[in-house]
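Data block below; observations after.
Below, each value reflects all heavy atoms present in this structure, side chains not excepted, and no hydrogens, waters or symmetry copies. Starting from 1, each residue takes its place in the sequence as its number.
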Amino acid sequence: FVGYIVQYNGIHWPTPINLAGDPYPFAAGSPPEQWDALSDPAKWQIILFVGFLEWFSEIGGTHYMRGGVPGAYPNFSDSPDTIPHPVPLNLYDPFGFSKN
């Protein structure tokens, strides 16, 4: 919901979206039209990244419907055998500001 509102109001990254220098398609109109204006590799990158996050949350932690905590996401560093390369930063607190 928040992403839709932000995107609809034209808030976007000021940098180009690819190496060819194409600007973000904010002039395409509504968010569904902006999604249609993205290139296919950009769409697949977004879909595969979200799919990876879903997969990792199912592999690395207990699902909230099976006794897990809703909203809790497993740390990448807790399961080094699952990810082929080390990921030192976690999604919730990447720099350790709220360790206490």
Side-chain angles (χ1 to χ4, degrees):
F1 176 74
V2 174
Y4 191 92
I5 299 286
V6 167
Q7 190 176 9
Y8 190 79
N9 287 315
I11 299 171
H12 58 87
W13 295 108
T15 59
I17 61 171
N18 58 19
L19 295 175
D22 297 334
Y24 185 80
F26 64 91
S30 68
E33 292 168 346
Q34 293 174 8
W35 175 259
D36 290 339
L38 284 176
S39 65
D40 287 338
K43 291 177 189 176
W44 278 110
Q45 183 179 14
I46 293 167
I47 290 169
L48 290 175
F49 180 70
V50 171
F52 165 76
L53 292 177
E54 287 290 327
W55 171 79
F56 186 77
S57 70
E58 295 293 329
I59 294 295
T62 305
H63 195 272
Y64 70 93
M65 294 292 286
R66 294 190 176 135
V69 179
Y73 196 81
N75 294 333
F76 291 125
S77 58
D78 291 345
S79 52
D81 298 334
T82 307
I83 300 178
H85 62 82
V87 179
L89 303 177
N90 294 315
L91 291 178
Y92 174 70
D93 189 18
F95 300 111
F97 292 142
S98 62
K99 279 188 172 182
N100 297 343

- prompt: Between Trp55 and Val50, is any pair of side-chain heavy atoms under 4.5 Å apart?
  reply: no

- prompt: Should we count CD of Glu58 as having more than 12 external heavy atoms under 6.0 Å?
  reply: yes

- prompt: In Å and rounded to the nearest 0.5 Å, what is the CD1 to CG distance from Ile47 to Asp40?
  reply: 9.5 Å

statement: Taking every heavy atom of Phe56 against every heavy atom of Asn75, the minimum-distance pair comes out as CZ-O, 3.8 Å

